[in-house]
Amino acid sequence: MTTLTAPERTAAPSRRAGAARPFPLVRHSAALAGRSLIKTARTPEQLIDVTLQPILFVIMFLYLLGGAVTGSTQEYLQTLLPALIVMNTVFASVQTGINLNDDIKKGVFDRFRSMPIARSAPLIGSVLGDLIRFVILMTVQLGFGYAVGFRIETDPLSALAACLLVMVFAFCLTWVFVLIGMLVREPGAVQGIGFMAMFPLTFGTNVLVPTDTLPGWLQAWVDANPVTAVMGAARGLMTGGAVAGPVLETVLWSAGVLAVFFPLAVRAYRRRA
């Protein structure tokens, strides 16, 4: 029988433990993302903005403006719905910053800091857990859109690609509001700043009317607005039209926003939490 020396007996379990727990940040973030999902399931009223709001926006804009803009609500719906998916998803990204700010204020992250987990896991887990909000929003928006007459004119894979592209952009934009949530003291302040930023980003587009019907100065903003590119990509992938240009522009904007605001948000989180 082989007898292990003392150093060998202590080293063997250490190697096994290390092999059993690879990538702790990934595991810890996934576990805390699960916590975020459970929290959402227990407080379904937090989902009002991704369940009722998309339906209200379709009803209001379609039946108030459809006849005036195109003369046909059915024709207008084909243009409106993909853009509303983008607009509502972008609006939903604000909630992540609000939730994080509220958790920090309540001391939740103080408890996380005392646990043997990766330092950034609570932050990343919260952001990943909130992605389910985007999925719910798109499902509700498309489901109600189909109920009132919207039809995908390309193919299911293209429509799925449109939804994934919108989710990627919204995920990258979420880090802007995570940063705001780390810098201000009250959840209400995060909401106020977020919505103040969202209105020119979402309504300063061709979501409701064609760009060429707008004043010249506003056309310049619409053309430079990254949300306009996302709306153009979603429309092209769902109902036909130009795709390559808007998709490339969306990817570039997403990468740029993520590259700038992700490290800033993580740094601000480490200072506060």
Side-chain angles (χ1 to χ4, degrees), residues 26 29-30 33-34 36-37 40-41 47 49-59 61-62 74-96 124-175 198 201-202 205-208 225-258 262:
V26 175
S29 299
S36 181
L37 294 178
T40 301
L47 297 176
D49 63 325
V50 297
T51 53
L52 296 182
Q53 180 176 300
I55 294 174
L56 290 175
F57 274 25
V58 172
I59 293 173
F61 295 138
L62 177 62
Q74 182 61 39
E75 181 181 345
Y76 187 58
L77 180 61
Q78 292 298 108
T79 301
L80 177 68
L81 192 77
L84 283 184
I85 290 174
V86 176
M87 185 174 76
N88 283 308
T89 306
V90 168
F91 262 111
S93 65
V94 178
Q95 190 63 38
T96 301
I124 297 173
S126 295
V127 174
L128 292 177
D130 277 351
L131 291 180
I132 190 64
R133 295 167 51 80
F134 300 157
V135 176
I136 294 172
L137 187 153
M138 292 179 185
T139 302
V140 170
Q141 191 100 73
L142 282 171
F144 185 74
Y146 257 74
V148 296
F150 175 77
R151 295 295 180 267
I152 293 172
E153 298 177 7
T154 52
D155 57 80
L157 287 179
S158 295
L160 178 60
C163 292
L164 292 175
L165 187 67
V166 174
M167 283 188 65
V168 168
F169 179 78
F171 170 78
C172 296
L173 194 64
T174 293
W175 293 102
M198 281 297 97
L201 274 176
T202 55
T205 60
N206 55 13
V207 57
L208 300 177
N225 191 341
V227 180
T228 302
V230 188
M231 290 179 178
R235 283 169 170 155
L237 289 167
M238 287 187 176
T239 60
V243 172
V247 168
L248 178 60
E249 193 173 348
T250 300
V251 171
L252 292 176
W253 270 111
S254 300
V257 170
L258 185 65
F262 175 74

Contact summary for A234 and V166, nearest pair of heavy atoms | CB-CG2, 4.4 Å
State, with a plain yes or no, whether a side-chain heavy atom of V257 is found less than 4.5 Å away from one of W175.
-> no
Between S93 and A170, what is the shortest heavy-atom contact and its length?
-> CB-O, 3.8 Å
Could you check V207 against T202 for side chain to side chain contact (heavy atoms under 4.5 Å, CB included), going step by step and ending with a plain yes or no?
-> CA-CA 8 Å; V207 57; T202 55; over 6 Å; no
Say you draw a straight line from CZ of F262 to CD1 of I124; how long is it, rounded to the nearest 0.5 Å?
-> 5.0 Å
Mind checking the OG1-CD1 spacing from T51 to I136? Nearest 0.5 Å is all I need.
-> 8.0 Å
Whether T154 side chain and L237 backbone form a donor-acceptor pair below 3.5 Å = yes
Minimal heavy-atom distance between A92 and D49, with the atoms involved, is CA-OD2, 4.2 Å
Do the side chains of V227 and W253 get nearer than 4.5 Å, heavy atoms only?
-> no
Evaluate the side chain to side chain contact (heavy atoms under 4.5 Å, CB included) criterion for residues M198 and L173: first the C-alpha distance (whole Å), next the side-chain angles of each, then the deciding distance (0.1 Å), finally the verdict.
-> CA-CA 11 Å; M198 281 297 97; L173 194 64; 4.1 Å; yes
From CA spacing to verdict: side chain to side chain contact (heavy atoms under 4.5 Å, CB included), F150, T239 = CA-CA 10 Å; F150 175 77; T239 60; 3.9 Å; yes
If you measure from SG on C163 to CZ on F134, what distance do you get to the nearest 0.5 Å?
-> 13.0 Å
Minimum-distance pair of heavy atoms, taken over all atoms of G129 and I132 = O-CG2, 3.1 Å
Interatomic spacing from OG1 in T228 to CD in E249 - rounded to 0.5 Å | 8.5 Å
Test item: Q141 and T89 side chains (from C-beta on) under 4.5 Å apart, heavy atoms | no
Enter the distance from T174:OG1 to M167:CE here, rounded to the nearest 0.5 Å.
-> 9.5 Å
Going by the side chain to side chain donor-acceptor pair (under 3.5 Å) test, name the single residue among R235, E153, R151 that passes it with Q78.
-> E153
Output yes when a side-chain donor or acceptor of Q53 lies under 3.5 Å from a complementary backbone atom of N88, and no otherwise.
-> no
Enter the distance from L62:CG to L80:CG here, rounded to the nearest 0.5 Å.
-> 6.5 Å
Report the residue from V86, L160, V251, V230 that forms a side chain to side chain contact (heavy atoms under 4.5 Å, CB included) with L165.
-> V251
Nearest heavy-atom approach of F171 to L131 is CD1-CD2, 3.8 Å
Worked verdict on L208 versus F61 for side chain to side chain contact (heavy atoms under 4.5 Å, CB included) = CA-CA 8 Å; L208 300 177; F61 295 138; 3.7 Å; yes
Distance-minimising heavy-atom pair for P246 and A229 | CB-O, 3.6 Å
